[in-house]
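Written out below as structure tokens is the structure these notes cover.
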Amino acid sequence: MKLLHSTASPFVRKVMVLAHETGLADQLTLVPCVVSPVARDGRVVPHNPSGHIPALILDDGEALYDSVVICQYLDTLHQGRPLHPPAGMPRARTLCLQALADGIMDAAVLIRFETALRPAELRWPAWIEGQGAKIVSSLDALQAIWRSHLDGPLDMGVIAVACALGYLDFRLTPQAWRPQAPELARWYDAFARRPSMVATVLKPVA
Ligand code: 99T
């Protein structure tokens with residue numbers, strides 16, 4: 001299987017952390033891509049019309065996207081404990097926590113594109129503030145509602161939260177979120193020592 005990949009993407013990182021945790025990493029051939037809403041990567045669009053990564057190209061050429069779908073698929077390919085509970089509210093909760101984390105990533109990626117890509121004279125501070133407010137309320141929910149879940153058995157929601165917080169450190173600076181959520185920051189710092197997280201540390205695209 002080929003994974004359309006970037007070392008800067010928290011969505012790709014979710015897939016890679018799952019792959020490392022489940023022993024599937026060796027089965028993925030990573031295809032480096034450089035994505036942006038204003039300069040789409042010609043290697044991605046034929047497989048994912050949105051131009052987003054990650055996309056997973058199966059051996060018969062069929063492509064799967066987005067990260068939520070890829071993670072659920074890969075989780076069926078190993079013999080260990082699944083990282084998505086099989087059914088009912090446990091499964092719904094795991095997917096809900098992943099959705100919360102993906103929302104943090106979406107908002108942070110939009111801030112990144114607004115500040116790094118958009119010409120300075122076209123920037124819209126209220127847009128950046130609005131995305132920042134989504135991150136603040138999501139961090140509040142993580143602390144108020146999900147904190148004990150993060151200390152429970154590893155699942156895809158927990159992995160997604162770690163990838164979201166790692167992206168905030170990577171692109172928005174640690175000061176942007178750690179003072180608001182010190183206990184979450186301590187949880188993240190411990191989680192980030194897992195070999196799957198160390199193997200997938202976010203890096204600028206070469
Ligand atoms: O917006 C674009 O055209 C390209 N952006 C992406 O491909 C980003 C990469 S993060 N991926 C997504 O937004 C995927 C979202 C989708 N719902 C999923 O797969 O879960 C790049 C971050 C950075 O460079 O800082």
Side-chain angles (χ1 to χ4, degrees), residues 1-21 24 28 30-58 62-76 83-84 91 94-119 122-124 127-128 130-132 134-135 138 155-177 188 192 197 200-206:
M1 295 176 281
K2 290 184 190 155
L3 183 69
L4 303 189
H5 183 273
S6 161
T7 57
S9 167
F11 298 99
V12 170
R13 191 180 193 190
K14 284 196 303 175
V15 174
M16 292 304 300
V17 171
L18 176 137
H20 281 278
E21 292 285 350
L24 293 171
L28 299 177
L30 307 186
V31 180
C33 299
V34 183
V35 292
S36 143
V38 291
R40 304 207 300 165
D41 187 319
R43 288 163 294 192
V44 177
V45 178
H47 301 289
N48 182 357
S50 77
H52 283 155
I53 53 169
L56 182 70
I57 307 172
L58 305 178
E62 184 169 354
L64 294 178
Y65 44 85
D66 59 17
S67 61
V68 173
V69 175
I70 296 169
C71 289
Q72 290 191 53
Y73 174 67
L74 289 179
D75 205 19
T76 66
L83 296 179
H84 298 78
R91 182 176 183 85
T94 292
L95 292 173
C96 189
L97 180 56
Q98 182 174 199
L100 179 61
D102 284 6
I104 294 175
M105 294 182 206
D106 283 331
V109 167
L110 288 174
I111 291 173
R112 165 72 186 168
F113 286 158
E114 180 76 12
T115 51
L117 284 185
R118 195 183 292 278
L122 297 178
R123 279 188 203 138
W124 186 13
W127 171 266
I128 297 174
Q131 300 305 330
K134 290 175 194 249
I135 295 172
S138 299
D155 71 7
M156 201 53 228
V158 174
I159 291 172
V161 170
C163 293
L165 298 179
Y167 188 75
L168 297 182
D169 272 351
F170 174 61
R171 287 296 199 206
L172 301 193
T173 81
Q175 292 71 30
W177 71 279
Y188 171 72
M197 291 291 287
T200 60
V201 165
L202 295 172
K203 295 182 195 121
V205 174

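Counting starts at 1 for both ligands and their atoms, following the listed order. Computed from a predicted structure; not experimentally measured. Note: hydrogens, waters and symmetry copies are ignored here, and every other heavy atom, side chains too, is used.
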What's the shortest distance from [atom] to any protein heavy atom, and which residue and atom give it?
atom                    : value
atom 8 (C) of ligand 1  : I53 O, 3.9 Å
atom 13 (O) of ligand 1 : F11 CE1, 3.6 Å
atom 24 (O) of ligand 1 : R171 NH2, 3.3 Å
atom 2 (C) of ligand 1  : H52 CD2, 3.5 Å
atom 17 (N) of ligand 1 : D66 OD2, 3.0 Å
atom 20 (O) of ligand 1 : S67 OG, 2.5 Å

Min N/O separation [X] to ligand 1 under 3.5 Å:
X    : answer
D102 : no
S9   : no
Y167 : yes
F113 : no

query = Looking only at heavy atoms, is any part of S6 under 4.0 Å from ligand 1, and if so is it the side chain, the backbone, or both, or is it neither?
reply = neither
remark   = Taking every heavy atom of P10 against every heavy atom of L202, the minimum-distance pair comes out as N-CD2, 4.2 Å
query = Shortest non-hydrogen contact from N48 to P54?
reply = ND2-O, 4.4 Å
ask   = Excluding sequence neighbours, so at least two apart, what forms salt bridge (charged side-chain N to carboxylate O under 4.0 Å, His left out) with R43?
value = D41
query = Near P54, which atoms of ligand 1 are under 4.0 Å from a heavy atom of that residue?
reply = 19 (O)
ask   = Hey, is Y65 one of the residues with a heavy atom under 4.0 angstrom from ligand 1?
value = no
Chi angles and distances behind the side chain to side chain contact (heavy atoms under 4.5 Å, CB included) call for L172, W177 = CA-CA 8 Å; L172 301 193; W177 71 279; over 6 Å; no
Please table the atom pairs, donor to acceptor, closer than 3.5 Å between any side-chain atom in residues 94-103 and protein atoms at least two apart or in another chain.
residue: T94; atom: OG1; partner: P90; partner atom: O; Å: 3.2
residue: T94; atom: OG1; partner: D155; partner atom: OD2; Å: 2.7
residue: Q98; atom: OE1; partner: K14; partner atom: NZ; Å: 2.8
residue: D102; atom: OD1; partner: K14; partner atom: NZ; Å: 2.9
residue: D102; atom: OD2; partner: K14; partner atom: NZ; Å: 3.0

Side chain proximity check, D75 to M156, heavy atoms < 4.5 angstrom = no
